[in-house]
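Right, one structure below, let's go through it.
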Amino acid sequence: MTGHPERALPFVLDQPRAHWHDESLWFVRQKRDRQASALPEWEELRNAAHAIKSHTMSRLADYLALFESNAVANGIQVHWARDANEHNEIVYGILAERGVTRLVKSKSMLTEECHLNPYLEARGVEVTDTDLGERIVQLRKEPPSHIVLPAIHLKRQDIGALFHDQLGTEAGAADPAYLTEAARGHLRDKLLNAGAGLTGVNFAVAETGGVVVCTNEGNADMGASLPPIHIACMGLEKIVPRLADLAVFVRLLARSATGQPVTAYTSHFNGPRAGGEMHVVIVDNGRSKILAEETFRRSLNCIRCGACLNTCPVYRRSGGYSYGYTIPGPIGSVLAPHRDPAAHASLPFASSLCGSCSDVCPVKVDLHHQLLAFRERLVKEGKTSSAKSLAMSVMSTVFQRPWMYGAGGWLMRRVVPLMPRFVLYGPWNPWGLQRELPPMPSESFRDLLEKEETR
Amino acid sequence: MTSREAIMEALRRAAPPPCEPAEPPRGIRFDDPVAKFSEVLASVGGRCVVGDYRELEVVQTARRVLTCPDQSSQSPHELADVDVAIVQGEFGVAENGAVWVPAANLGLRRVVFVIAQHLVLRVPANAIVHNMHEAYQRVGRDRFGVFISGPSKTADIEQALVIGAQGPRSCTVVLE
Ligand code: SF4
């Protein structure tokens with residue numbers, strides 16, 4: 001079975017590129033830090049966000065019902081989908097009934113989760129992702145590698161070559177401004193000729209029956225207001241009770257995501273455009289199951305800002321595709337095993353448990369605790385590899401017996417320097433593929449401490 | 001059982017014990033909110049000026065200027081060649097350079113604020129609030145409403161900021 005380490009291998013083998021990826025994300029993390037530290041009430045905001053979300057989760061059915069009745073009163077048609085397939089059927093049903101063959105989409109991780117694009121394409125609907133990063137990966141026939149920065153794994157030259165091939169830009173041209181301008185013409189054309197627009201949802205407000213979409217490019221607003229049909233797809237955890245709650249989340253989201261004080265557009269859709277119709281599709285797809293789990297339900301508080309990805313030392317150095325799941329990084333590693341524990345058993349281990357994810361999370365999801373809890377569960381259920389279990393039981397035996405630990409160290413300090421390279425760095429040492437063992441010290445820490453104390 | 005019922009039932013069964021929501025904290029305040037608004041707007045690629053919007057260069061050099069609210073366009077697609085849209089904003093937000101625009105100020109075709117090549121927002125100079133908590137006190141229940149903070153932008157290619165992604169290439173806020 002391939003797990004995170006195997007999938008990460010091609011990425012880490014290209015060291016300069018992996019290093020560049022690491023730095024790009026750290027740059028975003030630093031922008032986030034600057035925004036967070038500029039607000040004296042930052043921690044209060046996080047606490048409020050956490051409390052509002054937890055309260056909402058305790059009354060989710062009530063708030064969804066309230067949202068629905070207000071939305072219907074606003075002239076919105078509300079649909080319910082138990083799973084990904086039902087979601088796709090609903091969306092296709094709306095399009096097919098109205099003879100729509102061209103759909104423009106703006107960024108929506110939910111439709112990625114449901115694999116909507118292939119479903120619609122197989123039924124003759126042309127789907128265009130209109131967010132620049134999403135369009136880039138769509139043209140490359142790849143999924144996004146990050147939930148906020150879909151093409152963060154690509155260099156400008158890669159995109160220049162892609163656009164030359166697909167959009168007819170000049171060969172070798174790789175200037176971001178030039179490439180963005182080319183995409184602008186291409187995407188505006190798609191937006192103007194679409195029969196329907198689909199957007200994701202950042203927040204749905206129970207009190208108003210409207211949905212809020214936060215974007216920078218303007219494509220979501222064009223997609224929702226040019227064609228006569230707007231379909232907004234949301235996971236059922238996107239609800240917030242009141243309009244005033246939005247202030248808390250809007251203040252946190254963009255600052256945490258990209259280090260902006262707010263996105264360029266924070267759009268409140270409380271009904272269809274003049275002469276048009278609006279649909280909201282509310283999707284469960286496993287969320288109610290997570291809600292039932294005390295240890296893991298907090299992961300539903302996630303507002304998909306991506307901060308935990310940007311800060312994660314493992315994500316930064318292994319890339320989004322190494323996770324093999326729609327949502328990578330710490331939050332993906334918590335969500336994926338709910339869907340299929342066996343297939344995603346390696347993900348909770350793709351973490352150093354440093355806790356940086358929990359520290360930056362704007363809604364205080366206790367990510368590293370959840371990762372640890374999942375490890376426990378996967379081990380108990382026998383979903384981890386036998387090599388890992390063996391290593392763990394050896395470690396457990398040694399760590400429980402100080403004499404064994406001491407003797408082991410003594411032996412290592414003497415034996416390792418004598419061992420030939422091919423023995424030390426054989427296939428049994430995957431750790432050594434990328435790294436060199438440090439030189440063995442002449443004394444153990446205990447020896448040093450003893451000397452220090454007797455001095 | 002319909003999907004709606006099934007989902008509702010699952011959620012009620014799974015619901016954690018009740019817990020109280022929180023009141024939003026008191027937001028940051030600035031000594032000079034207008035100066036802060038102007039500074040933040042500049043940092044997100046916009047521009048804040050004081051004066052008469054008719055004298056702006058983008059307005060003077062434009063071929064098609066649309067003053068909103070516009071009720072006459074037959075379809076939103078007719079607005080694709082608007083060079084400059086002039087839109088009344090209700091108020092600005094100092095902490096993030098955003099301006100609140102409700103549907104009524106846009107007119108029949110709400111897409112105008114994002115499809116125009118350039119956007120000019122007119123905001124009363126005494127209508128700058130400090131933060132988003134204050135802002136949401138003033139947000140109504142219109143069919144549609146949007147906070148606009150600067151021009152359309154993207155950093156999807158190597159994190160390089162490019163102004164003018166799919167929407168307006170510039171956003172000028174005129175304080176009046
Ligand atoms: S878990 Fe927290 S940090 Fe990670 S994406 Fe969700 S909200 Fe952001």
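Atom set for the values below is all heavy atoms of this structure, side chains included, hydrogens, waters and symmetry mates excluded.
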Please state whether the side chain, the backbone, both or neither of [X] comes within less than 4.5 Å of a heavy atom of chain B.
{"X": "A/Glu86", "value": "side chain"}
{"X": "A/Val248", "value": "both"}
{"X": "A/Glu44", "value": "both"}
{"X": "A/Leu243", "value": "both"}
{"X": "A/Lys190", "value": "neither"}
{"X": "A/Val212", "value": "neither"}
{"X": "A/Arg59", "value": "neither"}
{"X": "A/Arg287", "value": "neither"}
{"X": "A/Ala81", "value": "backbone"}
{"X": "A/Pro272", "value": "both"}
{"X": "A/Thr263", "value": "backbone"}
{"X": "A/Arg82", "value": "both"}
{"X": "A/Ile136", "value": "side chain"}
{"X": "A/Ala38", "value": "backbone"}

- Query: Roughly how far apart are B/Ser3 OG and A/Asp284 CG, rounded to 0.5 Å?
  - Reply: 9.5 Å

- Query: Atom OH in B/Tyr136, atom CG in A/Leu246: separation rounded to 0.5 Å?
  - Reply: 4.5 Å

- Query: Would the B/Phe147 and A/Tyr265 ring centres measure less than 6.0 Å apart?
  - Reply: no

- Query: Taking the six-membered ring where the residue is Trp, are the ring centres of A/His230 and B/Phe144 under 6.0 Å apart?
  - Reply: no

- Quick one: closest heavy-atom pair of A/Arg297 and B/Pro17, and the distance? NH1-CD, 4.4 Å

Using a 3.5 Å distance criterion without hydrogens, assess whether the side chain of [X] forms a donor-acceptor pair with backbone atoms of [Y].
{"X": "B/Glu158", "Y": "A/Pro176", "result": "no"}
{"X": "B/Arg13", "Y": "A/Ser288", "result": "no"}
{"X": "B/Arg109", "Y": "A/Leu226", "result": "no"}
{"X": "A/Glu41", "Y": "B/Ile28", "result": "yes"}
{"X": "A/His268", "Y": "B/Val146", "result": "no"}
{"X": "A/Arg184", "Y": "B/Ala165", "result": "yes"}
{"X": "B/His133", "Y": "A/Ala247", "result": "no"}
{"X": "A/Arg251", "Y": "B/Met132", "result": "no"}
{"X": "B/Ser149", "Y": "A/Ala264", "result": "no"}

Contact origin within [X] toward chain A - heavy atom pairs under 4.5 Å:
{"X": "B/Pro151", "answer": "backbone"}
{"X": "B/Val162", "answer": "side chain"}
{"X": "B/Val40", "answer": "side chain"}
{"X": "B/Glu95", "answer": "both"}
{"X": "B/Ala135", "answer": "neither"}

- Task: Show the numbers, then the answer: is there a salt bridge (charged side-chain N to carboxylate O under 4.0 Å, His left out) between A/Arg242 and B/Glu23?
- Result: CA-CA 11 Å; A/Arg242 302 167 305 178; B/Glu23 286 312 311; 3.5 Å; yes

Answer yes or no: is there a side-chain heavy-atom contact under 4.5 Å between [X] and [Y]?
{"X": "A/Leu64", "Y": "B/Leu11", "result": "yes"}
{"X": "A/Trp80", "Y": "B/Met8", "result": "yes"}
{"X": "B/Asp156", "Y": "A/Asp131", "result": "yes"}
{"X": "B/Glu20", "Y": "A/His55", "result": "no"}

- Item | salt bridge (charged side-chain N to carboxylate O under 4.0 Å, His left out) assessment of A/Asp62 paired with B/Arg12 | CA-CA 9 Å; A/Asp62 298 338; B/Arg12 288 194 202 283; 2.8 Å; yes

- Query: So, B/Ser152 and A/Glu217: side-chain donor and acceptor under 3.5 Å apart, yes or no?
  - Reply: no

- Task: Ignoring hydrogens and angles, state whether a donor on the side chain of B/Arg110 or A/Ser225 is under 3.5 Å from an acceptor on the partner side chain.
- Result: yes

- Identify which of A/Asp221, A/Leu179, A/Leu149, A/Ile52 forms the greatest number of heavy-atom pairs closer than 4.5 Å to chain B. A/Asp221

- Query: Counting heavy-atom pairs under 4.5 Å to chain B, which of A/His79, A/Arg255, A/Glu293 comes out on top?
  - Reply: A/Arg255

- Query: Do A/Glu181 and B/Arg169 meet the salt-bridge criterion of a basic N to acidic O distance under 4.0 Å?
  - Reply: yes

- Task: Quick one: which of B/Leu108, B/Ile7, B/Thr2 has the most heavy-atom pairs under 4.5 Å with chain A, could you say?
- Result: B/Ile7

